[in-house]
Amino acid sequence: MARKEGGAGRALRIDLRRLLPLVGATVLLVAGAFSAWQAWLIADEGDAAERTRAAQRQTVKALDDLIGSKRQQVQRVLAESGLAGSPDDHAAVAERLRAQLKGVHAVEVYSGGLDEVVRANYREFGYAKAAQLMAALGANEPPPASTSLHGNERRLTMVEPVAADGGVRAWIWLEYPFDDVAARFEAASPGAGRIELRQGDGHDSLSLLSHGSRSAELEPEGQRVAGTSLYVFAAMPRAFIVIPHSEALAVLLALVGFGGGAFLLWALRRRPVVEVEAEPEEPVLVADVVRKPRLPPAPSATAALPRPAAKAPEEVDPSIFRAYDIRGVAGSTLTPGVAHRIGQAIGALMAERDLREIVVGRDGRLSGPELAGALSDGLRAAGIDVIDLGMVPTPLVYFAAYHFGTGCGVSVTGSHNPADHNGFKIVIGGETLAEDAIADLHRRIVENRLPSDGVGTWREQPVVDAYVSRIVGDVAAERRLKVVVDAGNGVAGLVAPRVLEDIGCEVIPLYCDVDGRFPNHHPDPSDPRNLGDLIAAVHTVGADLGVAFDGDGDRLGVVTQAGEIIYPDRLLMLFAQDVLARNPGATVIYDVKCTGHLRPVIQEAAGVPLMWRTGHSLIKAKMRETGAALAGEMSGHFFFADNNRWYGFDDGIYAAARLLEIVAGDLEERGVAELFDSLPKSVSTPELKLPMEEGAPARFMEAFRASATFDDARVTTIDGIRVDWPDGWGLVRASNTTPVLVFRFDADSGKALERVKQAFRQRLLAVDRNLALPF
């Protein structure tokens, strides 16, 4: 038995010596085949992407042709039937069009001034239809074709003008089946990628149809179907590539695998077969076997290949850390990598204060989803639990921090800045970060004091319903006012119309569809040029007032039926009178850009006026310090903290509701125009801005402060230089949000205003005679 076992052991060792090279050859050949497959995937990646891109282009063209043919058919029927010459009998025209237009579901005809739409009950008429028709007024072209739900069935809707005598005599609203759109979309062949049809540009837009691989991730921008609000997005195919992304490397690995495997097989065939000798008489015990020391393994072909270097963290531009928030250009100074590190820095600060949960929301900018996701990942890496509010106005982020009890929140927003900008407004422990606290985040990043091993959670949580209910429970309009709401395609369009309607107003929406490109006008109500469409709409529909919001909904602009812009410092007079009537002796804060008439109005209403620095973060900090009941800025930020009615944060939507409550309650005694006429009025300029290079405004202000003297006036230097004379004042300061100098002038008369401006001109040009002053 001993000899049998020993002989079997020797036979087994002989077999293993022949088996190991065979196994090695097999492994190398499989690795070579896998590397060859990887090389093919990498080589085909460009072609696969082009197939998806071609499907996207073909789909856009097919839908372009479809929409164009429908528009041409409508205009051809109008021309051939003579309906364009006599569209006054709307019902008859609609019936004839319905009979002659192929495949149309519904046709409705409205007057050129859309009087019927203005007077409609929008709950019954339909908000989407009203917004689509109202967008036609004052536009250079018909509003884009869109889609809507009819029960559970989606329809394509269009608006076409009936032109006559250089104007528009009527508007035709048409509803078509969605089947033609769906058929052309489904005809595309995106290969291994995916295309998606969405209503609106951006990942927060409404997804209508999707075709292709669900695993592929959509690109941030889609291609627009001409004359519509429809966009075709593409998602590039995602190949299973696990090696470094190099075709040359993949080919090399394949050659090494195939070559090494072939060599081992060749060597195995040439090795002679060793015969097993006769087994000895005595058994060979395992203990008697002399073991040779194990040799180090031979270096493999792949071991000599260079390992890819670790990716260095992105450089963070210090200029994005501003006085009271973080602002940068998306994709340039503000990337997902930078956002992730900012999230880690915020999380580190929260952890030091024993705060573990935060709300995160974003406005409607195209870069918002990616930046908000990266920020949230950074927060979670720091061990912070994230509540994702989705796309909401900035005030709802502030509200959610109270409502959910986190005391912490970040709004991912570019506010009123250009469409390619974005940033972060940050609240930690109820404090809006500003100045040193913002700089501290930058220092943490530079010094790499960023926690990264946390396991924070993430969950979605809606907040809009709670926000609306909270305002409606606090504010009510005694009379039904007609109000035009211009959201400038900003995120306030999701919430403001609903709030104002629910407090008892009739709302006419204007540019309330969220579009991060801001195609109609810039979302900045502090610039009068952005209020032209609102003024025209208020006049056209006979509204009592028009209200406008900035890109993230924390600022308010107001116009009257007469076309007058009610600047925020005059609105603050009205708010101060209302708040102080119930809170005599309370402090009211206003920034250095507000009119000199504000101080006596506050004093006459038994309040304590306090001028302070510009900036929402700085104003809120001063309110906490002083216990102020109200504050406001010339930019349109309003802060209510009276009798626990509101929370003291800047909220353009809530401010609009409070304004309409005041106006509606005053209508018994006087009209809207009389109410505003009762407020002191001066001759003033809006905010005037002089763009400069990054950093230049601050340098100029240092030189101006050192050299300029105003011996005959009171000079205030808490924020720039404000100079007050008995009959007027002027201001110059460096903006904290954009690289510009900001000017404002205000006086009792035009003559006094010109004298104030001239005094500033002389001293400004003495510092730099090349300044292209905007006044």
Side-chain angles (χ1 to χ4, degrees), residues 114-131 134 392-393 395-396 399 463-487 492-512 525 534 537-549 553-561 566 571 574-575 577-579 581-582 630 636 638 640 642-647 651-676 678:
L114 295 179
D115 298 332
E116 316 93 311
V117 181
V118 171
R119 295 191 297 267
N121 180 335
Y122 293 116
R123 288 185 185 273
E124 299 175 0
F125 186 85
Y127 289 102
K129 186 198 298 186
M134 292 301 296
V392 294
L396 273 76
F399 171 80
V463 74
V464 173
D465 288 347
Y467 174 83
V468 174
S469 297
R470 177 67 176 82
I471 294 180
V472 173
D474 173 68
V475 181
E478 293 183 9
R479 284 171 173 72
R480 188 168 175 80
L481 298 172
K482 182 184 289 187
V483 185
V484 178
V485 174
D486 181 358
L494 292 177
V495 182
R498 178 180 167 187
V499 167
L500 300 187
E501 184 171 76
D502 284 1
I503 68 168
C505 296
E506 178 185 351
V507 174
I508 294 91
L510 179 66
Y511 310 142
C512 285
L534 178 60
V538 170
H539 174 74
T540 300
V541 305
D544 295 294
L545 278 177
V547 295
F549 303 97
D554 61 4
R555 300 199 299 164
L556 172 68
V558 176
V559 303
T560 68
Q561 192 177 48
I566 308 299
L571 283 178
L574 195 63
F575 289 142
Q577 291 173 341
D578 179 66
V579 169
R582 291 182 293 275
L630 175 68
F638 296 100
F640 288 85
D642 56 321
N643 292 335
N644 295 320
R645 292 189 66 180
W646 206 238
Y647 302 91
D651 188 341
I653 299 171
Y654 179 75
R658 288 289 292 263
L659 172 65
L660 296 171
E661 179 184 60
I662 294 169
V663 172
D666 203 83
L667 287 183
E668 276 190 5
E669 300 179 8
R670 48 191 170 174
V672 177
E674 291 179 86
L675 174 64
F676 288 115
S678 68

### Message
Run the salt bridge (charged side-chain N to carboxylate O under 4.0 Å, His left out) test against Arg470 and tell me which residues pass, sequence neighbours left out.
### Response
none
### Task
Give the minimum heavy-atom separation between Glu478 and Gly665, together with the two atoms involved.
OE1-CA, 3.9 Å
### Summary
CG (Leu481) and CG (Leu660) are apart, to the nearest 0.5 Å, by 6.0 Å
### Task
Output all residues satisfying side-chain hydrogen bond (donor to acceptor under 3.5 Å, both in side chains) with Glu661, sequence neighbours left out; order by chain, then residue number.
Arg645
### Message
Looking at every non-hydrogen atom in both residues, tell me the closest pair between Pro497 and Cys512 and how far apart they are.
### Response
CG-SG, 3.8 Å
### Query
With Ala537, which residues qualify under side chain to side chain contact (heavy atoms under 4.5 Å, CB included), at least two apart?
Val484, Leu510
### Minimum-distance pair of heavy atoms, taken over all atoms of Val538 and Gln561
CG1-CA, 3.6 Å
### Task
Mind checking side chain to side chain contact (heavy atoms under 4.5 Å, CB included) for Ala466 and listing every partner two or more places apart, or none if nothing turns up?
Phe399, His403
### Query
Hey, does Leu675 have a side-chain heavy atom less than 4.5 Å from the side chain of Leu574?
yes
### Task
Could you grab the distance from atom CZ of Arg479 to atom CG of Asp666, nearest 0.5 Å is fine?
10.0 Å
## Note on the structure
Smallest heavy-atom separation, Leu534 atom then Ala548 atom, equals CD2-CB, 3.8 Å
## Note on the structure
Rounded to the nearest 0.5 angstrom, the CG-CD1 distance for Leu500 and Ile471 is 8.5 Å
#### Entry: Set of side-chain hydrogen bond (donor to acceptor under 3.5 Å, both in side chains) partners for Asn644, sequence neighbours left out
none
### Worked verdict on Leu556 versus Phe549 for side chain to side chain contact (heavy atoms under 4.5 Å, CB included)
CA-CA 5 Å; Leu556 172 68; Phe549 303 97; 3.9 Å; yes
### Task
For Asp554, enumerate each residue passing the salt bridge (charged side-chain N to carboxylate O under 4.0 Å, His left out) test, keeping only those at least two apart in sequence or located in another chain.
Lys425
#### Entry: Residues which pass side-chain hydrogen bond (donor to acceptor under 3.5 Å, both in side chains) with Tyr467, listed by chain and number, not counting sequence neighbours
Asp651
## Note on the structure
Residues passing the side-chain hydrogen bond (donor to acceptor under 3.5 Å, both in side chains) test with Ser469, sequence neighbours excluded, are none
### Query
What residues, two or more places apart in sequence or in another chain, satisfy ring pair (Phe, Tyr, Trp, His ring centres under 6.0 Å) together with Phe640?
Phe575, Tyr654
#### Entry: Those residues that, when tested against Leu494, pass side chain to side chain contact (heavy atoms under 4.5 Å, CB included) (two or more places apart)
Met391, Val491, Val514
### Query
Is any side-chain heavy atom of Asp486 closer than 4.5 Å to a side-chain heavy atom of Val559?
no
#### Entry: Evaluation steps, side chain to side chain contact (heavy atoms under 4.5 Å, CB included), between Asp544 and Val663
CA-CA 9 Å; Asp544 295 294; Val663 172; 6.0 Å; no
#### Entry: Residue list, salt bridge (charged side-chain N to carboxylate O under 4.0 Å, His left out) with Arg480, at least two apart or on another chain
none
#### Entry: By salt bridge (charged side-chain N to carboxylate O under 4.0 Å, His left out) - contacts of Asp642 (at least two apart)
Arg658
### Query
Of all heavy-atom pairs between Val475 and Ala657, which one has the smallest distance, and what is that distance?
CG1-O, 3.4 Å
### Task
Show the numbers, then the answer: is there a side chain to side chain contact (heavy atoms under 4.5 Å, CB included) between Leu659 and Leu545?
CA-CA 10 Å; Leu659 172 65; Leu545 278 177; 4.3 Å; yes
### Summary
Ala492 and Pro393 have their tightest heavy-atom pair at CA-CG, 4.0 Å
